[in-house]
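Taking it in order: structure first as structure tokens, then the write-up.
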Protein chains: 2
Amino acid sequence: MAPTLQARVARLLRSMIESGELAPGDDVPSEAEISRAHEVSRVTVRGALRQLEAEGLIESGQGRKRRVRKIHQYDHHAVFAESPDRPEGTDSFVSEATSAGLSASTDFEMRIEVPPEFVARRLRVKSDELVVVRDVLRFIGNEPFSQQTSYYPRSLAEELGFDSPGDIKPGTTRVLSENGYRETGTFDEIVSRMPSPAESERLVIGAGTPLMILTRTAVSGRTITRLTQTKFPADRHRILYEIGNYEDVAIDVEEK
Amino acid sequence: MAPTLQARVARLLRSMIESGELAPGDDVPSEAEISRAHEVSRVTVRGALRQLEAEGLIESGQGRKRRVRKIHQYDHHAVFAESPDRPEGTDSFVSEATSAGLSASTDFEMRIEVPPEFVARRLRVKSDELVVVRDVLRFIGNEPFSQQTSYYPRSLAEELGFDSPGDIKPGTTRVLSENGYRETGTFDEIVSRMPSPAESERLVIGAGTPLMILTRTAVSGRTITRLTQTKFPADRHRILYEIGNYEDVAIDVEEK
DNA sequence: CGAAATTTGTGCGTATGTATA
DNA sequence: TTATACATACGCACAAATTTC
């Protein structure tokens with residue numbers, strides 16, 4: 001069977017991107033140009049471009065020229081990211097970003113609410129029991145970077161005194177650790193899916209880029225201390241797990 | 001600003017899905033029906049449906065009715081999946097699947113080739129040096145499940161005798177382990193992106209579902225023993241990391 | 001800085017092809 | 001085989017945002 005017109009146009013543009021003829025950041029030819037050059041209707045051209053956008057290769061917006069998407073790459077070191085053994089008052093996020101010469105900031109919010117069903121299940125609290133929620137939206141410059149929501153059993157938060165809306169700045173794992181709840185185990189779940197419109201807006205996610213969602217349930221001895229769910233726009237993030245001893249060999253992991 | 005027509009239609013259908021009025025597996029009303037009911041053109045309806053498809057909420061295909069997507073969920077236990085301490089001749093995949101009453105199978109292929117650049121870098125071999133490649137495509141029933149490619153330094157493969165195209169069935173980590181290369185450390189990278197057309201075809205991935213890619217570099221003492229890259233269609237997979245001791249509390253992690 | 005040109009987004013109509021039911 | 005439903009493809013017009021002058 002012959003490939004369709006729009007498939008042919010898409011393949012042509014795709015190969016231009018993959019070969020580097022169209023480099024990240026470059027303008028993609030306009031709909032009109034492609035239409036004229038290949039003598040196809042604008043509908044056909046849009047069909048082709050839509051495919052490339054869905055593949056995450058290009059980005060577009062009303063009035064803007066289409067561009068070949070460029071991808072940065074931030075690393076989330078899952079094993080160490082929330083370690084209590086780091087300088088006071090810093091997130092792993094802020095320290096990693098500033099050391100790379102980037103301006104990082106966070107929006108912080110705290111509230112007490114009835115937990116979503118899946119949170120209640122993992123924290124083993126009754127579904128009508130309240131939990132303390134800490135919400136962090138992280139930025140690099142003006143760009144949203146990740147969004148994180150943590151849930152704590154209310155009893156635990158009360159015991160350690162972070163149940164008041166007065167906010168305790170970064171370092172809840174540290175507070176837990178210093179009060180006899182050092183984490184002894186973590187259970188991480190990683191899934192990926194396309195963002196909802198609300199998530200797209202909040203995290204400024206273009207079409208064709210998925211969300212990675214890391215859900216960590218942490219344990220101290222026999223106590224479940226927290227559930228933290230982090231949403232990462234997948235075009236800017238990589239999640240790393242360094243396990244065991246690999247330091248003798250220094251694995252080289254730049255890019256891709 | 002007033003939302004556009006297609007945005008309104010999309011929002012309406014989305015809320016029907018989220019509320020459960022349209023359940024997973026249900027037929028979505030046809031383009032013609034929606035067009036008549038809301039008195040909008042078919043182009044507008046298609047615009048709305050395309051958004052929902054890009055969000056991964058519905059699936060479509062020429063001639064078929066659109067359906068609300070249903071998602072299974074298979075768990076990849078990253079820490080234990082490739083442990084050498086499992087019964088001979090099984091992968092974690094086959095054993096987990098068959099114990100759940102599912103028919104699992106694999107397509108296996110072995111070859112020797114010049115490694116991609118990122119593989120050479122991680123394995124620390126010269127980019128013109130050959131590596132042994134083992135390729136596995138896993139199925140549940142007739143449905144592709146995941147695709148995995150492993151790379152081994154040729155010298156190591158020769159030493160352990162799995163460098164001939166004669167194929168060694170599952171259990172390379174076991175062979176390594178039994179010959180003095182028990183893994184002492186792993187370095188995992190997890191990224192997510194939309195699949196290329198080739199990947200979509202091979203793994204049968206519908207529009208609106210991302211790929212999760214897990215790249216593991218394994219180390220035994222001072223030797224880098226392998227690089228394994230696994231591609232998971234994100235609608236059917238969850239990657240889990242169980243770290244430390246959490247067994248006293250048995251975290252409840254069904255669904256979502 | 002403001003106006004004009006460009007570019008993409010939305011929206012209508014119509015027709016034909018093709019896979020599925 | 002027939003009917004249905006989606007995919008592709010053409011034409012046109014205007015709106016909205018950005019880019020360029």
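The sequence lines fix the lettering, A, B, ..., with proteins before strands; numbering per chain opens at 1. Atoms considered below: every heavy atom in the structure, side chains included; atoms not considered: hydrogens, waters and symmetry mates. Here the structure is a predicted model, which means the values were calculated and not measured.
Rounded to whole Å, atom C1' of D:dT8 lies 15 Å from atom CG of A:Leu49. Straight-line distance from the NE2 atom of B:His38 to the C1' atom of C:dC12: 18 Å, rounded to whole Å. Here the C1' atom of nucleotide C:dG9 and the CZ atom of A:Arg64 are 12 Å apart, to the nearest Å. Between the CD atom of A:Gln51 and the C1' atom of D:dA7 there is a distance of 11 Å, given to the nearest Å. In this structure, the CD atom of A:Glu59 is 15 Å from the C1' atom of D:dA17, given to the nearest Å. The nearest whole Å value for the distance from the CZ atom in A:Arg8 to the C1' atom in D:dA9 is 15 Å. Between the P atom of D:dA13 and the CD atom of A:Glu31 lies a distance of 17 Å, rounded to the nearest Å. Residue B:Leu5 contributes atom CG, which lies 14 Å from atom P of D:dA15 at whole-angstrom precision.
For the residue pair B:Gln148/B:Thr228, the side-chain donor-acceptor check at 3.5 Å is not satisfied. Using modelled atom types, one finds no donor on one side chain facing an acceptor on the other under 3.5 Å when comparing A:Gln147 with A:Arg138. Remark: the B:Gln6 side chain and the B:Gln51 side chain contain an N/O donor-acceptor pair separated by less than 3.5 Å.
Residues B:Arg14 and B:Glu18 are not paired through a salt bridge, judged by the lack of any N-O separation under 4.0 Å between the basic side chain and the carboxylate. One finds a salt bridge joining B:Glu31 and B:Arg46 here, because a Lys/Arg side-chain nitrogen approaches an Asp/Glu carboxylate oxygen to under 4.0 Å. Salt bridge annotation for B:Glu199-B:Arg193: present, with a cationic side-chain nitrogen under 4.0 angstrom from a carboxylate oxygen. Ion pairing of B:Arg67 with B:Glu59 is absent here, as no side-chain N (NZ or NE/NH1/NH2) approaches a carboxylate O to less than 4.0 Å. Between A:Asp135 and A:Arg202, at least one side-chain N (NZ, or NE/NH1/NH2) sits under 4.0 Å from a carboxylate O, which counts as a salt bridge.
Annotation: of the two residues near DNA chain D, A:Arg67 and B:Gly63, the 5′-most nearest-nucleotide partner is B:Gly63. Along DNA chain D, the nucleotide nearest A:Asp27 and the nucleotide nearest A:Ala7 are compared for position; the residue whose nucleotide lies closer to the 5' end is A:Ala7.
Using a 4.0 Å heavy-atom distance criterion, A:Gly47 is classed as making no nucleic acid contact. Here B:Arg46 lies in heavy-atom contact (under 4.0 Å) with a base.
A sub-4.0 Å separation between OP1 or OP2 of C:dT7 and a side-chain N or O of A:Ser60 is absent. The phosphate of D:dT18 has neither OP1 nor OP2 within less than 4.0 Å of any side-chain N or O from A:Gln62. Remark: A:Arg66 is in phosphate contact with C:dG9, judged by side-chain N or O atoms under 4.0 Å from OP1 or OP2. Residue A:Lys65 places no side-chain N or O under 4.0 Å from the OP1 or OP2 atom of D:dA17.
Only at 4.0 angstrom or more do the heavy atoms of residues 9-16 of chain B sit from any atom of DNA chain C, so none qualifies.
Remark: the A:Arg42 side chain and the C:dG9 base include a donor-acceptor N/O pair separated by less than 3.5 Å.
Considering only the side chain of B:Ser30, D:dC6 comes nearest among C:dT10, C:dT8, D:dC6.
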